[in-house]
2 protein chains.
Amino acid sequence: MASQKIVKAVEALSALAHEGRLSVFRLLVRAGPDGLAAGDIARKLDVLPNTLSANLTVLATAGLVSSRRDGRSIIYKADYDRMAGLLNFLIEDCCNGDASICAPVAAVAAKAACC
Amino acid sequence: MASQKIVKAVEALSALAHEGRLSVFRLLVRAGPDGLAAGDIARKLDVLPNTLSANLTVLATAGLVSSRRDGRSIIYKADYDRMAGLLNFLIEDCCNGDASICAPVAAVAAKAACC
DNA sequence: TCCTTATTTCCAGAATTATCGAAATATATT
DNA sequence: AATATATTTCGATAATTCTGGAAATAAGGA
């Protein structure tokens with residue numbers, strides 16, 4: 001049986017491995033903690049509301065986004081902790097004790113650390 | 001038409017969004033620049049050689065691994081630059097100028113930077 | 001209550017992907 | 001040349017995922 005960690009990672013990667021969903025996720029990542037209403041996302045990305053809803057459900061099930069109701073709208077926002085957890089899993093043990101090996105990864109990390 | 005960047009990112013994420021392929025990729029990431037022979041990977045992960053071959057092809061097409069022949073064996077290794085590029089794309093503009101928002105991501109970055 | 005807006009759920013067909021046995025290719029050894 | 005080892009390619013079935021139309025649900029406003 002596969003480890004639970006890898007199953008969860010595959011679920012998150014599968015959620016992101018789709019052009020429409022990756023666009024939604026990136027839009028939410030940029031939108032920040034306030035998030036965006038489903039309708040706003042649909043208009044910005046020009047997708048049908050039912051298709052968007054299905055894709056948001058996939059992202060939410062994977063834990064990458066969360067939602068709350070605000071009047072008639074449902075506001076979605078990216079889950080930064082979950083995203084960080086996924087990145088962490090991908091780079092886990094990448095170095096294996098040798099700093100020179102994972103230099104490209106460290107460079108990305110340095111860029112992220114600037115903020 | 002979607003940007004080429006997002007298409008390539010989806011290709012890489014799709015390649016990783018599979019339990020068998022993610023295991024292979026992580027094994028190669030840990031194996032380092034010397035890589036591993038296809039047969040060694042098949043034995044370590046207990047998968048059929050033809051199934052493994054198909055999955056290695058998917059990873060190679062996505063640019064996440066590369067291969068070279070060594071006698072009868074074909075040695076595969078992870079492409080660290082490509083992995084770094086994917087991570088970079090995922091965290092791109094995550095901060096949007098506000099350091100407090102992407103703190104969890106920065107924490108992962110700091111961990112990666114330790115090596 | 002009736003109407004409008006916002007979003008989701010249901011459904012079915014279309015398309016894509018995964019898996020494995022069998023055969024083929026490539027290299028090395030004797 | 002004949003054989004063994006290493007890996008890939010082919011082909012067919014099984015399983016999963018994607019999409020969009022239509023209907024349903026939820027909330028606010030007249």
Side-chain angles (χ1 to χ4, degrees), chain A residues 1-2 6-25 27-28 31 34-78, chain B residues 1-2 6-25 27-28 31 34-78:
Chain A
M1 67 212 95
I6 210 166
V7 170
K8 297 301 287 179
V10 167
E11 186 181 22
L13 289 165
S14 296
L16 294 174
H18 178 283
E19 197 173 303
R21 287 193 297 264
L22 183 54
S23 298
V24 169
F25 183 71
L27 181 62
L28 289 176
D34 290 345
L36 284 174
D40 290 337
I41 300 172
R43 274 183 292 277
K44 287 203 187 211
L45 300 181
D46 190 31
V47 291
L48 290 175
N50 57 349
T51 297
L52 175 65
S53 178
N55 286 331
L56 283 168
T57 297
V58 173
L59 288 168
T61 301
L64 290 164
V65 305
S66 59
S67 64
R68 66 189 153 85
R69 179 174 281 277
D70 177 24
R72 276 178 288 200
S73 297
I74 303 214
I75 313 293
Y76 284 88
K77 70 180 189 66
Chain B
M1 67 214 96
I6 211 166
V7 171
K8 297 301 287 178
V10 167
E11 186 181 23
L13 289 165
S14 296
L16 295 174
H18 178 282
E19 196 173 303
R21 287 194 297 265
L22 183 55
S23 298
V24 168
F25 182 71
L27 182 62
L28 289 176
D34 290 344
L36 285 174
D40 290 338
I41 300 172
R43 274 183 291 277
K44 288 204 185 211
L45 299 181
D46 191 31
V47 291
L48 290 174
N50 57 352
T51 297
L52 175 65
S53 178
N55 285 332
L56 283 169
T57 297
V58 173
L59 287 168
T61 301
L64 290 164
V65 305
S66 59
S67 64
R68 65 187 156 85
R69 180 174 279 278
D70 176 24
R72 276 177 290 201
S73 296
I74 304 216
I75 313 293
Y76 284 87
K77 70 180 190 65

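Throughout, a chain's letter reflects where its sequence line sits, starting with A, and its residues are numbered from 1.
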Next item on the list: Could you state the atom-to-atom distance from CG of Leu59(A) to P of dT8(C) in whole Å?
Entry: 12 Å
Item checked: nucleotides 20-30 of chain C: protein proximity per nucleotide (B base, S sugar-phosphate only, - neither; heavy atom, under 4.0 Å) -> BBB---SBS--
Side chains of residues 58-67 of chain A: which donor-acceptor pairs under 3.5 Å do they make with residues two or more places apart or in other chains?
unit_1: Thr61(A); atom_1: OG1; unit_2: Thr57(A); atom_2: O; d: 2.8

Margin query: Nearest whole Å is fine: how far is dA6(D) P from Leu56(B) CG?
Written below: 16 Å
Note to self: Is Thr57(B) close enough to dT8(D) that one of its side-chain N or O atoms is under 4.0 Å from OP1 or OP2 there?
What the structure shows: no
Notebook entry, point to check: What's the shortest heavy-atom distance between Ser23(B) and Glu19(B), and which atoms?
Noted result: OG-O, 2.9 Å
Note to self: According to side chain to side chain contact (heavy atoms under 4.5 Å, CB included), who are the partners of Asp34(A), at least two apart in sequence or on a separate chain?
What the structure shows: none
Note to self: For DNA chain D, which residues of residues 36-47 of chain A approach it to below 4.0 angstrom with any heavy atom?
What the structure shows: none
Check: If you look at every heavy atom in Leu13(B) and Leu16(A), which pair is closest and at what distance?
Finding: CD1-O, 3.5 Å
Next item on the list: Measure the CD1-CG distance between Ile41(B) and Leu27(B) for me, rounded to the nearest 0.5 Å.
Entry: 6.0 Å
Check: Does OP1 or OP2 of dT16(D) have a side-chain N or O of His18(B) closer than 4.0 Å?
Finding: no
With a 3.5 Å cut-off and sequence neighbours excluded, list the donor-acceptor pairs that the side chains of residues 44-56 of chain B form with protein atoms.
unit_1: Asn55(B); atom_1: OD1; unit_2: Arg21(B); atom_2: NH1; d: 3.1

Next item on the list: Quick one: closest heavy-atom pair of Ile74(A) and Arg69(A), and the distance?
Entry: CD1-NH2, 3.8 Å
Margin query: According to salt bridge (charged side-chain N to carboxylate O under 4.0 Å, His left out), who are the partners of Arg72(B), at least two apart in sequence or on a separate chain?
Written below: none
Notebook entry, point to check: CG of Leu52(A) versus P of dT19(D): gap in Å, rounded?
Noted result: 12 Å
Next item on the list: Measure the distance from CG on Asn55(B) to P on dT19(C) and round it to the nearest whole Å.
Entry: 6 Å
Item checked: Length of the line joining Ile74(A):CD1 and dG28(D):C1', which is rounded to integer Å -> 14 Å
Next item on the list: Determine: side-chain N/O of Tyr76(B) to OP1/OP2 of dT8(D), distance under 4.0 Å, yes or no.
Entry: yes
Checklist line | Gly35(A) to Ile75(A) - nearest heavy-atom pair and separation | finding: C-CG2, 3.9 Å
